Colleague: 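Handing you this structure, nothing more for now.
Throughout, protein chains are lettered first and strands after them, A, B, ... in sequence-line order, and every chain is numbered starting at 1. Only a predicted model underlies this, so the values are computations on that prediction, with no experimental measurement involved. Keep in mind that the numbers below use all heavy atoms, side chains included, and drop hydrogens, waters and symmetry copies.
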Number of protein chains: 2
Amino acid sequence: MNTGVNLKELAAELKLSPSTVSRALNDSYEISEATKKKVISMAEKLNYQPNPFARSLRENKSKTIAVVIPERMSSFFSKVVDGIEEITQQYGYHLLVYSTHEDVDREKKIVNLLMNGRADAIIMSVSSQTSDISHLTRLHERGFPLVFFDRICSDIPTTKFITNDYESGFEGTKHLIQQGCRKIAFLMLSKELSITKDRYRGYLDALKQAGLSPEPQLNITCCQEEEENIESIRKLLDGPNRPDGILSSVEKLALATYHAVKRTHLRIPNDIKIISFFSNLSIASLLNPSLTTITQPAFNIGEECAKLLMKKLTKPRQPDLPNQVITIPSNITIRSSTIVV
Amino acid sequence: MNTGVNLKELAAELKLSPSTVSRALNDSYEISEATKKKVISMAEKLNYQPNPFARSLRENKSKTIAVVIPERMSSFFSKVVDGIEEITQQYGYHLLVYSTHEDVDREKKIVNLLMNGRADAIIMSVSSQTSDISHLTRLHERGFPLVFFDRICSDIPTTKFITNDYESGFEGTKHLIQQGCRKIAFLMLSKELSITKDRYRGYLDALKQAGLSPEPQLNITCCQEEEENIESIRKLLDGPNRPDGILSSVEKLALATYHAVKRTHLRIPNDIKIISFFSNLSIASLLNPSLTTITQPAFNIGEECAKLLMKKLTKPRQPDLPNQVITIPSNITIRSSTIVV
DNA sequence: TTTTTCATCGGAAACGTTTGCACATATTAT
DNA sequence: ATAATATGTGCAAACGTTTCCGATGAAAAA
């Protein structure tokens, strides 16, 4: 790899000292406009690119932020990362993207690796297996800027961005009830997750408000194996205590539900109605029947995470990230999976 | 940000010189086993983490590789990145991931930024707008390790990983013909793309072999706006010269086709049969009717890219990346969108 | 005994920046 | 006239590693 000219060579070419050239390129007030012009044009001519590591070493910042997500093949997380990139790229920041694959051990390894300062901050959504959060508290206690989104850690006093999980769970359930459902199942990834807790609370409160009592056997906790999830749901559908409505708290379980229904004699929405948190609108309307969705503002969530961090990292003396939860509401789009025509 | 102890402090604690400690931690033969043990245990006790920038500056390598893709919300590219990460993570490498959003200007900016050595190598799939490749040739001529996958640049003499685009296009088209199609449309993102060229050649040859003549008006070049694509396809379907089969060269256009068909009175597969390059098997079988797919080995392609680079970067004196195209075959899965029962 | 070798370790340079400080020269105030 | 102040630039240290080159002492060979 032929690395180009460095500051010293550029300075030699200009018959100036490296310090002057550095200051000129950084637009320091101490340098005359004349030399600034000369330096800049010569830098362009020789295509000078400052060495990022020398700069990072000296300034103790990397212009890089790490994004840690549970999986890549998810329209929600893809859009969040797109939103983050949209902002950070404007500030010249780079994105290290890691997937934990819903594995807490991988998450710990990644977080521990990040502790050496390779990134200036972390934006993350925890894995569904994460219950011990010592790796995250340690990070935060060291003063490492950390922002959570979607799947958050309430115990860590920093800024979190979520959607209105409780209300969405509540409204989604209420919608099912209004469509005549009396036995509504709740599908989740893990009981530990902040999103399942909040969405579940909304679900329970909607049931209560309608005078319905929750039935434990209608709660299904899923795993990472799609086939296994499909079979769990199918068993529920084929069982004696079959639900007439399903609220899926994550995208992939809605798809598993459609697969499961295909294995039964049931029809959506006549026999069973489905609503799900879902970010891929194009797919939602192509499913048969089209899926009623609670659409999280994924791109927007990413943007907000990034904006907050950019403010913290690019302004001189910023305070710590405040301990608060910022909620950006979802939209419910009613489609055929909950409406009998 | 409270950065932990550094080498000098660790050395002071041990009453040793930094050089000795460094060598001990790097398992140098010059250091006795006794002191190695002492150093390692003290390093663990103080949780010493070497500064990655100091190391990168000194060694002139970053243990980071950049991945440049046209879009994130694509099961194909998500899986490729997963495959890359699977390998690189084993070697302690980090991944900078950039999306060009199919925009060649963004692609150029990203590539130019990468020229400063922030990453040790680049794995990329070019945007659909890329015809001028000067930014990539410049990169390659500087000796920067560069690997292409899927959407490749034939003119740049380096290693490329693709699937058997020609054969898949050929076989896909042949399958449609065998199912009785006589007027087969070809959907593409851009005529410039390597994948459309190869897949189109396969399509043409299959037509020729069947004695069918290609009709230019059956080729549709799409854009980035989904709605616009849907309407282009709908017009084709509603027009006087309506095809009875469609080969879509990319995933998103298959979805657009399903949307378009929904806006017509046509039925799949009776009136129109569809086959597409497609990586999301779960979705393919959920579409109505389920979609016949040509499935690219996305994860595997990512793995192979990464393996090649890891060999080049971690072994001492490796030759340049050879100028060759490595093909990993796709699988055709026949589903309902091409079979009339 | 003297010389060589070997096993361990330390000093210092180097990687490419940024920046505190000093130092000229020119301008203004006294 | 001299002294004070801008204005523009250079020197050198620092960031935290790795590694070249010596240095030391002990063991082996002469």
Side-chain angles (χ1 to χ4, degrees), chain A residues 1-40 42-43 46-64 92 115-118 120 314 316, chain B residues 1-40 42-43 46-64 92 113 115-120 314 316:
Chain A
M1 171 58 188
N2 168 25
T3 168
V5 300
N6 61 22
L7 197 63
K8 211 186 299 180
E9 294 162 355
L10 177 59
E13 195 71 31
L14 285 157
K15 297 188 197 310
L16 287 171
S17 81
S19 50
T20 303
V21 176
S22 171
R23 273 185 270 251
L25 291 174
N26 292 333
D27 202 33
S28 163
Y29 71 100
E30 318 184 70
I31 305 296
S32 72
E33 289 303 319
T35 51
K36 271 186 196 172
K37 282 220 182 356
K38 263 190 286 189
V39 168
I40 289 173
M42 179 62 83
L46 300 187
N47 191 30
Y48 167 71
Q49 304 267 36
N51 182 308
F53 306 117
R55 182 175 280 180
S56 291
L57 177 60
R58 175 63 217 236
E59 304 206 306
N60 199 30
K61 58 186 198 181
S62 58
K63 282 225 162 197
T64 300
M115 211 116 62
N116 63 11
R118 185 177 288 268
D120 296 339
T314 60
Chain B
M1 172 54 188
N2 168 26
T3 167
V5 300
N6 60 22
L7 197 63
K8 212 186 298 180
E9 294 162 354
L10 178 58
E13 195 71 30
L14 284 159
K15 299 190 196 307
L16 287 172
S17 82
S19 50
T20 303
V21 176
S22 171
R23 275 185 271 248
L25 291 173
N26 293 332
D27 202 31
S28 163
Y29 71 99
E30 315 184 73
I31 305 296
S32 72
E33 289 303 320
T35 51
K36 270 185 195 173
K37 281 219 181 3
K38 263 189 287 188
V39 168
I40 289 172
M42 179 63 82
L46 299 187
N47 191 30
Y48 166 71
Q49 304 268 37
N51 182 307
F53 306 117
R55 184 174 277 179
S56 291
L57 177 60
R58 177 61 218 236
E59 304 206 308
N60 199 30
K61 58 186 198 180
S62 59
K63 281 222 160 200
T64 299
L113 274 180
M115 212 117 61
N116 63 11
R118 186 178 288 267
D120 295 340
T314 60

Colleague: Can any side-chain N or O of A:Asn26 pair as donor or acceptor with the backbone N or O of A:Ser28 at less than 3.5 Å?
Modeller: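 No, the answer is negative, given that no donor and acceptor are paired below the 3.5 Å cut-off.
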
Colleague: In whole angstrom, what separates B:Lys36's NZ from C:dC9's P?
Modeller: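 For the pair B:Lys36 NZ and C:dC9 P, the rounded distance is 10 Å.
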
Colleague: Using a cut-off of 4.0 Å on non-hydrogen atoms, how would the nucleic acid contact of B:Ile31 be classed: base, sugar-phosphate, or nothing?
Modeller: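 Here B:Ile31 touches the backbone only, sparing every base.
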
Colleague: Would you tell me if any nitrogen or oxygen in the side chain of A:Ser17 comes within less than 4.0 Å of OP1 or OP2 on D:dT9?
Modeller: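 Indeed not, no polar side-chain atom of A:Ser17 lies that close.
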
Colleague: Checking A:Lys36 now: which residues fulfil side chain to side chain donor-acceptor pair (under 3.5 Å) with it, not counting sequence neighbours?
Modeller: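 Per chain and number, A:Lys36 pairs via side chain to side chain donor-acceptor pair (under 3.5 Å) with A:Asp27.
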
Colleague: Who pairs with B:Lys8 by side-chain contact (heavy atoms from CB on, under 4.5 Å), at least two apart in sequence or on another chain?
Modeller: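 Here the qualifying residues are B:Asn6, B:Pro18.
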
Colleague: Rounded to the nearest 0.5 Å, what separates atom NZ in B:Lys38 from atom CD in B:Glu33?
Modeller: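 Separation between the atoms: 13.0 Å.
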
Colleague: In whole angstrom, what separates B:Lys38's NZ from C:dC9's C1'?
Modeller: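 Spelled out: NZ on B:Lys38 to C1' on C:dC9 is 12 Å.
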
Colleague: What is the nucleic acid contact for B:Gln49, judged by heavy atoms within less than 4.0 Å: base, sugar-phosphate only, or nothing?
Modeller: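 Sugar-phosphate, backbone atoms only, no base.
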
Colleague: When the C1' atoms of the five terminal pairs at each end define the local axes, what inter-axis angle does the helix from C:dT1-D:dA30 to C:dT30-D:dA1 show, to 10 degrees?
Modeller: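 Roughly 60° between the end axes, to the nearest 10°.
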
Colleague: Between atom CG in A:Asn60 and atom P in D:dT17, what is the gap in whole Å?
Modeller: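 The distance from CG of A:Asn60 to P of D:dT17 comes to 11 Å, rounded to the nearest Å.
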
Colleague: Any N/O pairs under 3.5 Å between the protein and nucleotides 12-15 of chain D? List them or say none.
Modeller:
unit_1	atom_1	unit_2	atom_2	d
D:dA14	N3	A:Arg58	NH1	3.2

Colleague: Taking salt bridge (charged side-chain N to carboxylate O under 4.0 Å, His left out) as the cut-off, I'd like each qualifying pair that reaches into residues 49-62 of chain A, sequence neighbours left out, listed once.
Modeller: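 Those involving residues 49-62 of chain A do not exist here.
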
Colleague: Could you list by number each residue of residues 22-29 of chain A showing a heavy-atom separation from DNA chain C of less than 4.0 Å, or answer none if no residue does?
Modeller: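 Of all residues in residues 22-29 of chain A, the ones placing a heavy atom under 4.0 Å from DNA chain C are A:Ser22, A:Arg23, A:Asn26.
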
Colleague: Using every non-hydrogen atom in the two residues, find where A:Thr64 and A:Arg118 come nearest and quote the distance to one decimal.
Modeller: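 Taking A:Thr64 first and A:Arg118 second, the nearest heavy atoms are CB-O, 3.9 Å.
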
Colleague: Once side chain to side chain donor-acceptor pair (under 3.5 Å) is applied, do any residues pair with A:Ser22, and if so which ones, sequence neighbours excluded?
Modeller: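 Side chain to side chain donor-acceptor pair (under 3.5 Å) check on A:Ser22 returns nothing, list empty.
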
Colleague: What is the distance from CD of B:Glu30 to P of D:dT24, rounded to the nearest Å?
Modeller: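 B:Glu30 atom CD is separated from D:dT24 atom P by 17 Å.
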
Colleague: Please report, rounded to the nearest Å, how far the P atom of C:dA14 is from the CG atom of B:Leu7.
Modeller: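 The answer, rounded to whole Å, is 19 Å.
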
Colleague: Just to verify, what does B:Ser17 make a side chain to side chain donor-acceptor pair (under 3.5 Å) with, not counting sequence neighbours?
Modeller: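 If we apply the side chain to side chain donor-acceptor pair (under 3.5 Å) test to B:Ser17, skipping adjacent residues, the hits are B:Ser19, B:Thr20.
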
Colleague: Restricting to side chain to side chain donor-acceptor pair (under 3.5 Å), what partner residues turn up for A:Ser62, sequence neighbours left out?
Modeller: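 For A:Ser62 the side chain to side chain donor-acceptor pair (under 3.5 Å) partners, ignoring immediate neighbours, are A:Asp120.
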
Colleague: Distance check needed: C:dA14 C1' versus B:Arg55 CZ, whole Å only.
Modeller: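 It is 17 Å, rounded to the nearest whole Å.
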
Colleague: Does B:Ile40 have any side-chain contact (heavy atoms from CB on, under 4.5 Å) partners at least two apart in sequence or in another chain, and if so, which?
Modeller: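 Result, side-chain contact (heavy atoms from CB on, under 4.5 Å) vs B:Ile40: B:Leu25, B:Glu44.
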
Colleague: Taking atom C1' of D:dT17 as reference, at what distance in whole Å does atom CZ of B:Phe53 sit?
Modeller: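 Roughly 13 Å, once rounded to whole Å.
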
Colleague: Which atom names give the shortest non-hydrogen contact between A:Leu16 and A:Val21, and what distance separates them?
Modeller: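 A:Leu16 and A:Val21 have their closest heavy atoms at CB-CG2, 4.1 Å.
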
Colleague: Kindly write out the residues that satisfy salt bridge (charged side-chain N to carboxylate O under 4.0 Å, His left out) with A:Glu30, not counting sequence neighbours, or none if the list is empty.
Modeller: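 For A:Glu30, the residues satisfying salt bridge (charged side-chain N to carboxylate O under 4.0 Å, His left out) (neighbours in sequence not counted) are A:Arg23.
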
Colleague: Rounded to the Å, how far apart are B:Leu16 CG and D:dT18 P?
Modeller: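 It is 15 Å, rounded to the nearest whole Å.
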
Colleague: So what does A:Thr35 touch, heavy atoms closer than 4.0 Å: a base, only the sugar-phosphate, or nothing?
Modeller: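 Sugar-phosphate only.
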
